[in-house]
Amino acid sequence: TWVYMFYDRQGDSYILRFEEGEVFPDRFLEFLSANSIAAGAFTGIGAMKKFEIAYFDATRKQYHDREYEEQVEVLALVGNVAQMDGAPLVHVHVTLGRRNFSVLGGHLRSGVVCPTLEVALSVFPEPIKRKIDPAFGLPGLDLTNRL
């Protein structure tokens with residue numbers, strides 16, 4: 001079954017609704033590329049049924065990933081969009097509510113939407129790039145302190 005997200009543009013912002021079965025951020029990255037969006041910030045709420053989150057261990061300079069297969073509420077989805085090697089890259093963190101009202105959170109690697117995910121995207125007028133930070137090996141924002 002083909003699933004697809006819906007969206008509405010309002011000025012420099014978009015409201016997006018991802019449908020059941022879509023994978024976030026994969027589908028979001030397709031949207032960003034198709035619309036030549038090089039920089040922005042986003043927030044979201046909704047639910048997922050399968051997801052992978054990660055925690056960055058700064059001492060070891062590596063991520064620890066964990067996969068889950070359970071229905072959760074997306075209480076908060078927060079991230080930004082920048083360019084890395086000419087393609088959009090999203091940095092996204094998530095807070096997830098479980099059936100027993102406990103909470104999980106971390107860096108969202110991917111999540112299968114169920115039943116929906118609503119995302120508000122604010123597009124920045126100029127591209128922002130990322131480059132590898134030599135101290136941690138992570139793709140950090142490459143900012144110039146420009147006013």
Side-chain angles (χ1 to χ4, degrees), residues 1-7 13-124 126-146:
T1 304
W2 176 250
V3 292
Y4 54 93
M5 50 160 273
F6 295 91
Y7 66 91
S13 299
Y14 290 86
I15 302 297
L16 303 102
R17 187 182 82 218
F18 297 86
E19 298 298 294
E20 202 239 324
E22 291 188 290
V23 178
F24 189 92
D26 298 13
R27 180 64 100 189
F28 188 49
L29 287 165
E30 291 173 12
F31 173 82
L32 296 169
S33 291
N35 291 280
S36 300
I37 296 172
F42 59 92
T43 60
I45 55 173
M48 295 179 178
K49 64 181 177 181
K50 183 178 180 181
F51 53 95
E52 182 177 358
I53 56 176
Y55 172 83
F56 185 74
D57 182 334
T59 304
R60 295 186 177 188
K61 300 179 184 177
Q62 66 184 28
Y63 277 101
H64 298 280
D65 295 36
R66 185 171 290 173
E67 292 183 19
Y68 296 85
E69 192 161 346
E70 63 182 273
Q71 184 69 35
V72 291
E73 294 283 333
V74 176
L75 305 175
L77 179 84
V78 181
N80 59 42
V81 178
Q83 293 282 300
M84 182 86 176
D85 299 327
L89 185 142
V90 296
H91 184 194
V92 56
H93 287 208
V94 67
T95 305
L96 303 164
R98 295 174 126 170
R99 180 182 307 271
N100 67 1
F101 300 103
S102 65
V103 176
L104 291 170
H107 180 92
L108 180 66
R109 295 284 194 198
S110 69
V112 179
V113 174
C114 182
T116 190
L117 181 68
E118 301 166 345
V119 174
L121 167 65
S122 296
V123 178
F124 300 154
E126 296 182 33
I128 295 176
K129 295 188 177 184
R130 289 189 174 274
K131 68 177 181 180
I132 298 299
D133 172 359
F136 291 99
L138 296 171
L141 293 174
D142 185 15
L143 303 175
T144 59
N145 292 345
R146 174 176 53 124

So which heavy atom on [X] is nearest to which on [Y], and how close?
X: Lys131; Y: Met84; value: N-SD, 4.2 Å
X: Ala120; Y: Ile15; value: CB-CD1, 3.9 Å
X: Pro115; Y: Gln71; value: CD-NE2, 4.2 Å
X: Phe56; Y: Gln62; value: CE1-N, 3.5 Å

| message | Could you go through Tyr55 and Arg66, starting from their C-alpha distance and side-chain angles, then the distance that decides it, and tell me whether this counts as side chain to side chain contact (heavy atoms under 4.5 Å, CB included)? | response | CA-CA 9 Å; Tyr55 172 83; Arg66 185 171 290 173; over 6 Å; no
Quick check against the 3.5 Å criterion: does [X] have a side-chain atom that pairs as donor or acceptor with the backbone of [Y]?
X: Asn35; Y: Ile37; answer: no
X: Gln83; Y: Pro127; answer: no
X: Lys61; Y: Leu138; answer: no
X: Arg130; Y: Pro139; answer: yes

Side-chain heavy atoms of [X] within contact of [Y], under 4.5 Å:
X: Val90; Y: Phe42; answer: yes
X: Ser110; Y: Glu67; answer: no
X: Ile53; Y: Leu96; answer: yes

If I take atom [atom1] from residue [X] and atom [atom2] from residue [Y], how far apart are they, to the nearest 0.5 angstrom?
X: Tyr63; Y: His107; atom1: OH; atom2: NE2; answer: 4.5 Å
X: Cys114; Y: Glu22; atom1: SG; atom2: CD; answer: 12.0 Å
X: Glu19; Y: Leu117; atom1: CD; atom2: CG; answer: 10.0 Å

| said: Please determine whether a side-chain nitrogen of the Lys or Arg among Glu20 and Lys49 lies less than 4.0 Å from a carboxylate oxygen of the Asp or Glu. | reply: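 Here Glu20 pairs with Lys49 in a salt bridge, since their nearest N and O are under 4.0 Å apart.
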| Salt bridge Glu70-Arg98, side-chain N to carboxylate O under 4.0 Å |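 Arg98 and Glu70: salt-bridged.
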| task | Please step through side chain to side chain contact (heavy atoms under 4.5 Å, CB included) for the pair Val74 and Glu118, ending with a clear verdict. | result | CA-CA 10 Å; Val74 176; Glu118 301 166 345; over 6 Å; no
| query | In terms of ring plane angle, is the pair Tyr14 and Phe31 parallel, tilted or perpendicular, where the classes change at 30° and 60°? | reply |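 The rings of Tyr14 and Phe31 stand perpendicular, inter-plane angle above 60°.
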| message | Parallel, tilted or perpendicular, judged at 30° and 60°: which one describes the rings of Phe24 and Phe28? | response |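 Rings of Phe24 and Phe28: parallel, under 30°.
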Do you know which of [options] makes side chain to side chain contact (heavy atoms under 4.5 Å, CB included) with [X]?
X: Val119; options: Leu16, Val92, Ile45; result: Leu16
X: Met48; options: Val23, Val112, Leu108; result: Leu108
X: Leu77; options: Thr43, Thr95, Val94; result: Val94

| query | Given the rule in the side chain to side chain contact (heavy atoms under 4.5 Å, CB included) test, do Phe51 and Leu104 qualify, once you have shown the distances and angles that lead to the verdict? | reply | CA-CA 11 Å; Phe51 53 95; Leu104 291 170; 3.9 Å; yes
